[in-house]
Amino acid sequence: MAAHRKSAHRKPKQRPFTGPAARTAATLALAGAATATSATGAGAAPAEPTPTAAQVRAKVDRLYHDAEVATERYNGAKEKEAAATKAVDTLADEAARRTDRLNTARHALGSMATAQYRTGALDPAVQLALSSDPDSYLERAAHLDRAGDRQASLLSGIRRQLSGIARVKARADQETEALAARRAELNKHRTAIRTKLADARGLLATLTAAERAAYERVADAAHGGGPATSADRSTAHPDRAVAGAHAGRSAPRASVAAPNSRAARAVSFAHGAIGKPYVWGATGPNAFDCSGLTQAAWKAAGVSLPRTTYTQINAGQRVSRSELAPGDLVFFYSGISHVGLYIGGGQMIHAPRPGAPVRIAPIDHMPFAGAARVA
């Protein structure tokens with residue numbers, strides 16, 4: 001009886017789930033674990049909200065601006081790289097010329113030494129004693145003395161040439177190091193430009209077609225886009241700076257006379273470039289960046305400008321905004337990263353950014369930083 005009561009209170013032995021029951025239990029356990037993990041992960045690293053179309057547009061504008069800053073740095077580095085390349089080539093040519101002269105001197109010295117060896121075996125006093133014609137011998141001896149002087153001069157010249165070649169090679173080594181540094185700087189800015197433009201394209205790709213179209217309209221308006229400013233090039237008079245209209249207006253403003261013939265030629269060139277694409281690093285004739293356009297315009301007028309915005313602003317006389325005249329260079333942003341060519345009436349011709357061709361634009365759509373009068 002006691003044994004029976006003891007067995008009655010013993011816990012029944014649990015059997016493991018098998019078949020469909022086991023699969024159901026496992027599924028419920030995994031689902032619970034996944035839910036718990038998801039809840040924990042969400043608390044630790046919340047997902048970033050998707051940027052709005054306005055935020056994307058702002059980021060794209062910033063990337064385009066940063067790319068333009070990098071473009072001007074690239075232009076400056078390219079100019080320095082070209083100068084360093086020219087210096088290395090010049091020094092290489094100079095070293096080659098000096099080496100040719102050295103070889104000529106060495107050949108002359110070798111010929112002289114050979115001749116002396118053939119005729120100078122006997123002591124001069126013995127040669128005089130044995131000579132049947134002392135006067136003739138003394139005359140030859142005088143020639144030998146002069147030859148010795150020439151030999152000494154040749155030796156001295158060879159020493160100078162060797163020293164000169166060593167100096168030229170040392171300078172060439174320094175310029176070669178500078179060239180390598182310039183090329184590394186050039187590559188850095190090139191990479192920065194490509195990265196920023198690729199990022200801008202990637203952000204634009206996240207917008208809908210309607211949002212992208214809206215962005216382009218806003219960007220065009222900011223940079224002078226629209227039918228009124230992209231204009232009939234045939235209206236540009238060679239001795240006039242023709243001011244375009246604001247975006248959205250159909251009637252152009254009155255023509256403004258350029259102050260001199262060179263400024264008129266620069267403005268005429270810029271009018272002829274309207275519609276050509278913006279390409280970073282380009283100076284024409286088929287594409288331009290902003291400083292490439294102004295440099296090419298003034299080159300057509302016979303004036304050589306530096307390559308970059310931050311050097312072009314110092315290329316002429318500074319003028320205030322109220323004193324602007326057609327042909328003046330107008331600069332924008334605190335870092336002097338954009339430039340256009342003023343054409344009168346508050347307008348300029350400029351190369352805005354990738355995807356926006358050369359066009360007429362109001363100068364008050366970007367933060368004005370200064371102006372310079374070239375001629």
Please find the pair of heavy atoms, one from E175 and one from A87, that lie closest to each other, and give the distance. OE1-CB, 3.7 Å
Applying a strict under-4.5 Å side-chain criterion to I, L, V, M, F, W and Y, I'd like to know whether L63 and V56 cluster together. yes
So K188 and R73, do their side chains get closer than 4.5 Å, heavy atoms only? no
Less than 4.5 Å apart, any side-chain heavy atom of P326 and any of P259? yes
Is there side-chain contact between L329 and F331, with at least one heavy-atom pair below 4.5 Å? yes
Measure the spacing between OG1 of T309 and CD1 of I313 and express it to the nearest 0.5 Å. 8.5 Å
Look at the rings of F332 and H338 and say which category their plane angle falls in: under 30° parallel, 30 to 60° tilted, over 60° perpendicular. tilted
Pair Y333 and H65, ring centroids less than 6.0 Å apart: yes
Indicate whether any N or O donor in one side chain lies under 3.5 Å from an N or O acceptor in the other, for T208 and R212. no
Would you give the length of the straight line joining atom CZ of R62 to atom CG of D199, rounded to the nearest 0.5 angstrom? 11.0 Å
Can you measure from CD1 (I343) to CG (D328) and round to the nearest 0.5 angstrom? 12.5 Å
Taking C-beta and beyond as the side chain, do Y215 and D61 meet within less than 4.5 Å on heavy atoms? yes
Say whether, by atom type as modelled, one donor and one acceptor occur between the side chain of E72 and the main chain of V69 under 3.5 angstrom. no
Considering non-hydrogen atoms only, spot the tightest contact between A287 and A282 and give its length. O-CB, 3.4 Å
Hey, what do you get for OG1 (T195) to CG (D66), rounding to the nearest 0.5 Å? 12.0 Å
Minimum-distance pair of heavy atoms, taken over all atoms of A192 and A70: CB-CB, 4.3 Å
Is the shortest side-chain N to carboxylate O distance from R98 to E94 below 4.0 Å? yes
If only side-chain N and O atoms count, and only distance matters, is there a donor-acceptor pair under 3.5 Å linking T71 with E68? no
Here's one to test your reading of the geometry: is the NZ or CZ of R353 within 45 degrees of the ring axis of Y64 and under 6.0 Å from its centre? yes
Under 4.5 Å between side-chain heavy atoms, counting indirect links through other Ile/Leu/Val/Met/Phe/Trp/Tyr residues: same cluster for V60 and Y278 or not? yes
Closest non-hydrogen atom pair between P357 and P352, with its separation: O-CD, 3.2 Å
Do any side-chain atoms of residues 292-300 form donor-acceptor pairs under 3.5 angstrom with protein atoms, and if so which ones, sequence neighbours left out?
from: T294; atom 1: OG1; to: S291; atom 2: O; distance (Å): 3.1
from: T294; atom 1: OG1; to: Q312; atom 2: OE1; distance (Å): 2.8
from: T294; atom 1: OG1; to: Q312; atom 2: NE2; distance (Å): 3.4
from: Q295; atom 1: NE2; to: L305; atom 2: O; distance (Å): 3.1
from: W298; atom 1: NE1; to: G327; atom 2: O; distance (Å): 3.2

Applying salt bridge (Lys or Arg N to Asp or Glu O under 4.0 Å) to R307 and not counting sequence neighbours gives D289
With a sphere of 6.0 Å drawn around CD of Q317, does it hold more than 12 non-hydrogen atoms of other residues, nucleotides or ligands? no
Flag side-chain contact, heavy atom, 4.5 Å: H350 against L341: no
What heavy-atom pair brings P306 and T311 nearest, and what distance separates the two atoms? CB-OG1, 3.2 Å
Listing request: all side chain to side chain donor-acceptor pair (under 3.5 Å) pairs with a residue in residues 76-87, at least two apart in sequence or in separate chains. E81-R183
How far does SG of C290 sit from CG of N75, to the nearest 0.5 angstrom? 8.0 Å
Under the side-chain contact (heavy atoms from CB on, under 4.5 Å) rule, what do Y342 and R373 come out as? Steps first, then yes or no, please. CA-CA 10 Å; Y342 189 69; R373 181 159 299 154; over 6 Å; no
Close side-chain approach of F288 to V279, heavy-atom, < 4.5 Å: no
Treating Ile, Leu, Val, Met, Phe, Trp and Tyr as nodes and any side-chain heavy-atom pair under 4.5 angstrom as an edge, say whether V330 and V319 lie in one connected cluster. yes
Are Y310 and I193 linked, directly or through other ILVMFWY residues, by side chains that come within less than 4.5 angstrom of each other? no
Report yes if the side chains of L324 and R321 come closer than 4.5 Å at any heavy-atom pair, otherwise no. yes
Quick one: OG on S268 to CD1 on I349, what's the gap to the nearest 0.5 Å? 9.0 Å
Do R182 and E185 come within less than 4.5 Å of each other through their side chains, counting heavy atoms only? yes
Tell me, yes or no, whether the heavy-atom count around R262 atom CZ, taken from other residues, nucleotides or ligands under 6.0 Å, exceeds 12. no
For the student: nearest non-hydrogen atoms of A369 and I336, plus distance: CB-CD1, 3.7 Å
Evaluate side-chain contact (heavy atoms from CB on, under 4.5 Å) for I360 paired with H271, printing each intermediate quantity in order. CA-CA 9 Å; I360 295 172; H271 271 283; 4.1 Å; yes
